[in-house]
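Reading through the structure tokens given below for one structure.
These values consider heavy atoms only, across backbone and side chains, with no hydrogens, waters or symmetry-generated copies. Indexing begins at 1, ligand by ligand and atom by atom, following the structure's order.
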Amino acid sequence: MTAATKLLDEMCHLTAQSLTPMDTSEHFKILKLLGEGSYGKVMLAVHRKRGTPMALKFFPRESTCLFSFLREYNLSLSFCTHPSLTRALGIAYSTPSHYVFAQQAGLFGDLYDVILPEVGMEEDSCQRVVSQLCGALSHLHSLGFVHRDVKPENVFLCDSTCRWVKLGDFGMVKARGTRVPEVWYSSPYCTPEAEIARGNSDSWKSMNDEEEEEEKKKKSRVWVSVEPSTDSWALGILTYAMLTGSHPWAETASDCHSYLKYQEWFERAKGPNDELDVWAEPQDESEAELGKKDHPPVAPQFACFTPLACSFFQSLLDPRPKFRGRPDDGLSFLGGDWVMEKERVRLEKERKKSSGKGAIKKLKEMEGRGER
Ligand SMILES: Nc1ncnc2c1ncn2[C@@H]1O[C@H](COP(=O)(O)OP(=O)(O)OP(=O)(O)O)[C@@H](O)[C@H]1O
């Protein structure tokens with residue numbers, strides 16, 4: 001346990017004693033719904049006396065564990081001091097039906113609103129977002145926490161051009177090294193190391209549905225240590241989504257054709273004699289430096305990117321968690337061109353034709369969210 005995680009536990013203990021009942025409308029004027037997630041809803045509100053806008057996060061009491069609520073609140077309050085992390089505002093209370101805390105509000109929606117399907121967003125904006133997220137994640141990692149839920153809908157916009165964004169939703173955050181069951185889910189954001197939790201479906205063929213379901217559950221209970229490399233993977237997928245408005249593969253699974261193509265490219269880049277072993281340990285410094293290898297023919301879904309961007313992706317999307325780049329390694333790839341000239345011109349034309357509507361639905365469908 002790091003000093004930060006011990007302190008977080010202590011803060012939760014203290015705030016549990018002081019969580020007071022309060023009537024929302026007495027202190028806040030609710031303006032509109034900012035968004036809804038699987039745990040509750042988030043409203044834009046103005047504090048009646050201070051006049052400042054804030055996001056109020058409502059967690060239904062019947063489905064929320066008080067400790068989880070206090071953890072998210074205290075983490076956001078005391079540890080999210082980086083400008084690109086969403087900080088809580090020191091207000092937490094309960095109503096007969098909800099636990100509530102106030103947080104800085106992103107007033108310009110989230111990243112889903114600006115990623116156009118099949119077109120993405122401007123490369124400059126994308127690099128600005130990546131730069132801020134690298135800083136935000138490095139900050140969390142330096143304190144010993146892993147976000148574990150980096151995705152477009154958890155990046156809130158403080159202006160319309162992504163000069164200031166904030167990573168939010170700390171409901172999945174865990175301390176590095178915590179043992180958790182690794183569960184594969186159908187999404188590109190799921191890591192390759194989670195794929196081993198899928199088990200071998202052939203052995204279930206003779207069982208009935210219930211037995212099969214039970215066996216699947218048991219097989220999927222592979223306990224792993226929470227590591228920052230999970231956030232690096234998600235940052236790589238998120239960057240691809242920002243640049244293209246699509247995902248590099250539908251799900252991170254060895255029977256997914258486009259993921260296979262990526263693996264083949266990755267293996268070729270790594271060297272002809274190396275087997276792609278997800279659990280491999282780095283042998284020496286130079287082996288981890290993929291950028292020094294020649295550039296073999298690129299996987300089709302990465303052909304629109306420059307060698308600089310390809311190295312960025314291969315660093316963050318290394319199938320081997322122990323070799324995967326850290327978010328702050330991503331900073332060294334910023335500044336140069338990421339999208340090839342011809343593709344950039346095409347995307348710019350498409351962007352002019354498109355509108356942002358539909359981006360949210362499309363990307364959510366592609367990500368397969370909700371299957372976790
Ligand atoms: N501080 C904020 N500022 C602006 N919008 C926000 C804020 N917090 C949440 N939202 C909006 O509300 C939505 C749901 O919030 P959030 O992701 O925190 O809830 P959740 O129940 O934890 O979601 P999930 O299902 O992803 O775990 C977000 O996608 C975002 O659009």
| With side chains defined as the heavy atoms from C-beta onward, is the minimum distance between F312 and F305 less than 4.5 Å? |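 SC-SC contact between F312 and F305 ruled out.
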| said: Any heavy-atom pair between the side chains of H257 and W249 that's under 4.5 Å? | reply: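 No, their side chains stay 4.5 Å or more apart.
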| request: On the 0 to 90° scale, with breaks at 30° and 60°, tag the F69-Y73 ring pair as parallel, tilted or perpendicular. | output: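 If you compare the ring of F69 with that of Y73, the planes turn out parallel.
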| query | Which ligand 1 atoms does Q103 reach within 4.0 Å, using its non-hydrogen atoms? | reply |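 Counting atoms of ligand 1 from 1, those under 4.0 Å from Q103 are 1 (N).
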| request: Have a look at Y189 and tell me which of V150, L238, T252, T230 forms a side-chain contact (heavy atoms from CB on, under 4.5 Å) with it. | output: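 Between Y189 and the candidates, side-chain contact (heavy atoms from CB on, under 4.5 Å) is satisfied uniquely by L238.
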With respect to [X], determine whether any N or O atom, backbone or side chain, lies less than 3.5 Å from an N or O atom of ligand 1.
X: T86; result: no
X: G106; result: yes
X: E72; result: no

| field | Short N-O contact, R326 and D329, less than 4.0 angstrom | value |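 Looking at R326 and D329, the cut-off is met.
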| In terms of side-chain geometry, is the basic nitrogen of R344 or D337 positioned less than 4.0 Å from the acidic oxygen of its partner? |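 The answer is yes: the pair qualifies as a salt bridge.
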contact_flag [X] ligand 1 heavy-atom lt 4.0 Å:
X: G40; result: yes
X: A105; result: yes
X: K57; result: yes

| So which of V42, D169, T64 gets nearest to atom 15 (O) of ligand 1, if we judge by its closest heavy atom? |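 Closest candidate by heavy-atom distance is V42.
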Please classify the [X] to ligand 1 contact at 4.0 Å (heavy-atom distances, strictly less than): side chain, backbone, both or neither.
X: D110; value: side chain
X: N154; value: side chain
X: F156; value: side chain
X: K151; value: side chain
X: A55; value: side chain
X: E153; value: both
X: E36; value: backbone

| said: Pair H27, R48 - check side chain to side chain contact (heavy atoms under 4.5 Å, CB included), show working. | reply: CA-CA 6 Å; H27 299 271; R48 288 193 189 275; 5.8 Å; no
| said: Would L111 and K151 count as a side chain to side chain contact (heavy atoms under 4.5 Å, CB included) here? Give the steps. | reply: CA-CA 9 Å; L111 263 187; K151 55 186 182 181; over 6 Å; no
| said: Testing the 3.5 Å rule here: is there a donor-acceptor pair between the side chains of N74 and T15? | reply: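 Distance-only check passes for N74 and T15.
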| task | Could you point out which residue of Q314, E227, E193 forms a side chain to side chain donor-acceptor pair (under 3.5 Å) with R324? | result |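 Of the listed residues Q314, E227, E193, the side chain to side chain donor-acceptor pair (under 3.5 Å) partner of R324 is E193.
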